[in-house]
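The sequence lines fix the lettering, A, B, ..., with proteins before strands; numbering per chain opens at 1.
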Protein chains: 2
Amino acid sequence: MIPLLAETFREHGYEGASLSLIGQRTGLGKGSLYHFFPGGKAEMAEAVLAELDAWFETNLFHPLHTGPDAEAAIAAMFRTIDSYFRSGRRICLVGLFALGEPRDRFAKAIATYFTRWCQALASALRRAGKDPALAEEFVAGIQGALVLARALDDPDLFTNALARMEARLADGR
Amino acid sequence: MIPLLAETFREHGYEGASLSLIGQRTGLGKGSLYHFFPGGKAEMAEAVLAELDAWFETNLFHPLHTGPDAEAAIAAMFRTIDSYFRSGRRICLVGLFALGEPRDRFAKAIATYFTRWCQALASALRRAGKDPALAEEFVAGIQGALVLARALDDPDLFTNALARMEARLADGR
DNA sequence: GTCTATAAAGCGATAGAC
DNA sequence: GTCTATCGCTTTATAGAC
């Protein structure tokens with residue numbers, strides 16, 4: 001259910017994902033949708049952001065913070081990210097919301113997502129003996145690579161960008 | 001006229017910029033808007049993208065390609081970019097369009113923008129004796145930094161990101 | 001050229017039968 | 001819980017007076 005909503009928002013944006021479109025994708029009528037989400041579309045988006053937040057917390061931030069081998073945790077992050085964003089064929093919903101109109105409405109969830117990502121990565125970098133300032137650079141690099149990959153319709157741009165970041169770490173730069 | 005349209009699309013997105021909102025910002029009624037742009041909103045966006053393309057060609061791409069001092073041209077690009085994006089307080093309209101729904105409709109203009117930027121920067125990097133592969137990395141880094149700065153409502157993130165890119169060049173990395 | 005009025009369609013949201 | 005029907009509003013776009 002939530003994944004279907006997430007995919008609809010990802011592909012059409014918050015405004016572009018009309019209730020009728022959401023109904024088609026989920027196979028539910030408006031009555032059912034408002035039964036599960038009395039708050040309407042805004043509540044659907046909140047639910048999506050909450051689930052997304054939980055997923056990243058479990059699969060990315062927690063391992064980065066607590067993984068015994070920090071270097072391995074960072075390498076695992078790059079693999080997880082490549083898989084999550086379908087090697088550049090999928091965009092970041094939070095990034096899309098951040099750039100667009102819905103930013104103000106979901107400002108807290110958006111800010112939390114990026115703050116936690118940067119902090120978790122910085123923590124792992126520190127423990128791995130690398131420059132923690134790279135965290136912002138990598139998170140921004142990932143977001144930018146998603147923009148570029150989608151703009152040029154070339155998913156390889158994303159995969160290559162991830163590879164270059166890992167190479168920078170290996171070089172000790 | 002076009003700058004007013006551009007700012008409205010930047011702040012509200014393609015779908016969020018309704019004709020009534022555009023009318024408010026430009027001070028024109030719908031009759032006047034359709035007089036100048038018979039194709040409606042799509043034609044307004046096309047005009048904005050065309051003007052934007054011309055601006056970047058003149059102020060960024062051309063200097064990067066033909067500037068006698070390639071290193072100085074790259075430094076000038078960073079200054080121009082910082083000014084254009086209001087030190088992180090303004091987002092990139094093309095990046096926003098690329099991530100969102102209007103991507104397919106304006107695919108050509110979007111792809112051209114990023115392709116030319118990467119090519120121009122790669123050309124300057126090559127002539128400056130740097131790694132031309134950094135071009136994609138920097139363009140993506142700029143886009144990602146704009147996402148992050150807006151997500152966290154912290155323009156300094158953008159300025160700092162630009163500074164780190166320049167530092168990487170100076171270090172010969 | 002710029003305005004008002006209006007058409008036709010789609011939007012989010014609600015009500016109520018089942 | 002799920003559906004259909006509907007409300008009120010906004011949207012893009014057009015028509016026509018001035």
For A:His62 and A:Glu57, which I'm curious about, is there any donor-acceptor pair between the side chains at under 3.5 Å? no

Without hydrogens or angle criteria, can the side chains of B:Thr80 and B:Asn59 be said to hold a donor-acceptor pair below 3.5 Å? no

May I have the step-by-step check of salt bridge (Lys or Arg N to Asp or Glu O under 4.0 Å) for A:Arg126 and A:Asp131, ending in yes or no? CA-CA 6 Å; A:Arg126 202 175 293 110; A:Asp131 180 8; over 6 Å; no

A:Glu137/A:Arg168 ion pair, N-O < 4.0 Å: yes

CZ of B:Phe36 versus C1' of D:dA13: gap in Å, rounded? 18 Å

Rounding to a whole Å, what distance do you find between B:Glu43:CD and D:dA13:P? 11 Å

Note, B:Glu136 side chain near A:Arg164 side chain (heavy atom, < 4.5 Å): yes

Extract, from 5' to 3' on DNA chain C, the first and final nucleotides lying under 4.0 angstrom from some heavy atom of chain B. C:dG1 to C:dC3

Without swapping roles, check the side chain of A:Ser123 against the backbone of A:Gln119 for a donor-acceptor pair under 3.5 Å. no

Salt bridge B:Arg25-B:Glu7, side-chain N to carboxylate O under 4.0 Å: no

Is the shortest heavy-atom distance from the side chain of A:Phe85 to the side chain of A:Ile91 under 4.5 Å? no

Those residues of residues 17-33 of chain A lying under 4.0 Å from DNA chain D by at least one heavy atom: A:Leu28, A:Gly29, A:Gly31, A:Ser32

